[in-house]
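Positions are given from 1 along the sequence. Worth saying up front: this structure is predicted, and the values here are computed from it rather than measured.
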Amino acid sequence: MRVTLPTTELLEALRPLVPGHVQLEVWDWAAPVAGPVDLAVLPYMAPASVLGVLAGSQVSAVQSQSLGFDNMDEHLPEGITLSNAVGVHEGATGELAAALVLSGLRDLPRSVDQQRASVWEQYWTPGLLGRTVLVLGVGGVGAAVADRLRPFEVDMVRAASRARDDEHGHIHGTDELPQLVAEADVIVIGLPLTDQTRGLFDEHLIGTMKPGALLVNVGRGAIVDTDALVAACAAGRIIAALDVMDPEPLPAEHPLWATPGVTIVPHLGGRTTSMDARVQKLVADQVNRLAAGGALAHRVL
């Protein structure tokens with residue numbers, strides 16, 4: 001059984017975690033790999049286009065280190081499966097979402113600006129306590145966001161593709177979004193990018209947001225119409241905190257950088273030093289599944 005890893009560090013970490021008969025090799029995806037490969041692990045944050053190097057190869061399966069798999073179906077050769085990194089980034093992304101919510105509702109950027117100017121000026125902010133928080137998505141990221149915000153004594157409202165109930169209560173359907181959005185003080189997007197969610201927050205839906213409401217996006221940038229968001233924030237109607245945006249990376253000349261009321265984080269959701277241990281566990285689990293004759297988990301393509 002042959003498995004390729006994108007770095008020597010990951011290979012060395014896996015050696016004691018997988019059976020001795022598994023052949024581990026480093027392959028950086030810069031050029032085609034020769035011979036049969038049972039599982040190839042993608043470099044972290046590799047663009048979907050890198051999958052094109054698999055054309056004509058004997059690679060059976062690919063393991064991504066990312067949770068999202070946008071556009072990968074357009075580049076993955078037929079006959080090769082792709083699994084995503086479930087369990088690696090959800091907690092860290094939920095952590096960042098909570099930080100962005102607190103930063104927005106306590107206006108921490110204002111204090112940072114005052115510190116740089118050596119200005120001591122106290123001010124009032126809405127705060128999070130008792131606010132209505134709408135979390136979009138109840139999967140890994142959405143659940144992690146909700147879990148981290150509940151202790152702040154918020155009125156938690158959740159929505160997903162269809163209405164249903166779970167152990168935490170009712171989940172609204174996205175068909176109810178206009179009303180839900182209009183009543184929320186904070187909206188956190190934790191949805192994946194699909195044909196249904198692309199451009200979901202357009203000029204109309206953003207226009208239904210409560211004046212002064214905070215929009216946090218840790219899902220995918222293209223879920224929000226960037227031009228509509230810029231217009232709403234520039235007019236002082238709402239504020240926003242974004243870990244993902246469209247386009248990405250954001251060009252230096254893009255108006256979003258200078259839009260009042262917008263906090264921009266350069267897609268840092270999963271980038272914590274604790275990520276390595278979770279990636280190692282995920283890949284080891286996948287290799288051990290194959291070694292035991294089983295199927296890979298978390299297959300998305």
Side-chain angles (χ1 to χ4, degrees), residues 70 93 96-119 121-128 131-137 141 145 149 154 157 159 174 176-193 196-269:
D70 312 349
T93 302
L96 181 61
L100 292 174
V101 169
L102 289 168
S103 175
L105 291 189
R106 297 306 301 260
D107 201 1
L108 297 187
R110 179 173 176 177
S111 284
V112 171
D113 290 342
Q114 289 182 180
Q115 179 181 349
R116 288 172 177 159
S118 301
V119 171
E121 183 179 285
Q122 294 175 313
Y123 52 91
W124 293 89
T125 62
L128 181 55
R131 300 298 171 184
T132 297
V133 177
L134 171 61
V135 176
L136 301 182
V141 171
V145 171
L149 293 181
V154 300
V157 181
T174 50
E176 303 175 66
L177 272 186
Q179 179 180 349
L180 298 175
V181 165
E183 296 171 352
D185 299 297
V186 180
I187 301 164
V188 183
I189 301 173
L191 296 166
L193 182 63
Q196 290 70 41
T197 63
R198 185 180 297 274
L200 179 64
F201 272 76
D202 56 11
E203 181 179 4
H204 174 73
L205 192 58
I206 290 174
T208 67
M209 289 177 62
K210 181 187 295 187
L214 168 65
L215 179 65
V216 174
N217 191 2
V218 293
R220 281 294 180 263
I223 294 173
V224 177
D225 181 321
T226 304
D227 292 341
L229 182 66
V230 167
C233 292
R237 284 197 58 258
I238 64 170
I239 57 177
L242 312 171
D243 181 47
V244 292
M245 54 225 73
D246 183 32
E248 191 176 309
L250 195 65
E253 68 279 4
H254 199 284
L256 189 62
W257 286 111
T259 301
V262 175
T263 297
I264 293 173
V265 178
H267 204 150
L268 300 180

Residues Leu193, Arg198; criterion side chain to side chain contact (heavy atoms under 4.5 Å, CB included); working and verdict
CA-CA 6 Å; Leu193 182 63; Arg198 185 180 297 274; 3.5 Å; yes
Given side chain to side chain contact (heavy atoms under 4.5 Å, CB included), test Leu268 with Asp243 step by step and report yes or no.
CA-CA 7 Å; Leu268 300 180; Asp243 181 47; 4.0 Å; yes
Verify side chain to side chain contact (heavy atoms under 4.5 Å, CB included) between Val218 and Val188, making sure each step is shown before the conclusion.
CA-CA 7 Å; Val218 293; Val188 183; 4.3 Å; yes
Tell me, with the steps shown, if Leu102 and Leu128 meet side chain to side chain contact (heavy atoms under 4.5 Å, CB included).
CA-CA 7 Å; Leu102 289 168; Leu128 181 55; 3.8 Å; yes
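With a 4.5 Å cut-off on side-chain heavy atoms, Trp257 and Pro251 do not count as touching. Within the 4.5 Å cutoff, side-chain heavy atoms of Pro247 are placed close to those of His254. Taking the side chain as every heavy atom from C-beta outward, Val133 and Val145 never approach each other to under 4.5 Å. With a 4.5 Å cut-off on side-chain heavy atoms, Leu105 and Val186 count as touching. Taking 4.5 Å as the limit, some side-chain heavy atom of Leu177 sits within range of a side-chain heavy atom of Leu136. Within the 4.5 Å cutoff, the side chain of Pro260 has no heavy atoms near those of the Cys233 side chain. The shortest distance between side-chain heavy atoms of Ile206 and Val224 falls below 4.5 Å. Two residues are said to be in side-chain contact when any heavy atoms from C-beta on lie closer than 4.5 Å; Val265 and Leu96 meet this criterion.
Between the side chain of Thr259 and the backbone N or O of Pro255, at least one donor-acceptor pair lies under 3.5 Å. Between the side chain of Thr226 and the backbone N or O of Asp246 there is at least one donor-acceptor pair closer than 3.5 Å. Within the 3.5 Å criterion, the main-chain N or O of Gln114 finds no donor-acceptor partner in the side chain of Glu121.
Smallest separation of non-hydrogen atoms from Asn217 and Gly219: OD1-N, 2.9 Å. Nearest heavy atom pair, residue Ala159 against residue Leu134, reads CB-CD1, 4.2 Å. Across Leu149 and Val154, no two heavy atoms sit closer than the pair O-CG2, 3.7 Å. Between Pro192 and Ile223, the shortest heavy-atom distance links the atoms O-CD1, 3.7 Å. Nearest heavy-atom pair across Leu242 and Leu215 is CD2-O, 4.5 Å. Minimum heavy-atom separation, Ile264 to Leu256: CD1-O, 3.7 Å.
Summarising the local packing, CZ of Arg110 is surrounded by more than 12 heavy atoms from other residues, nucleotides or ligands at distances under 6.0 Å. Under a cut-off of 6.0 angstrom, the local environment of CZ in Arg237 is crowded, with over 12 non-hydrogen atoms contributed by other residues, nucleotides or ligands. Heavy atoms of other residues, nucleotides or ligands lying less than 6.0 angstrom from CD of Gln179 number 12 at most.
Within the model, atoms OG1 of Thr132 and CG of Leu180 stand 10.5 Å from one another, a figure rounded to the nearest 0.5 Å. In this structure, CG in Asp225 is found 11.0 Å from CG in Leu205, a value given to the nearest 0.5 Å. Interatomic distance, Glu183 CD to Glu176 CD, rounded to the nearest 0.5 Å: 10.0 Å. To the nearest 0.5 Å, atom CG of residue Leu200 and atom CG of residue Leu191 are 7.0 Å apart. Annotation: the span from Met245 atom CE to Leu250 atom CG amounts to 6.5 Å, rounded to 0.5 Å. The structure places CG of Leu108 at 11.5 Å from CD of Gln115, a figure rounded to the nearest 0.5 Å.
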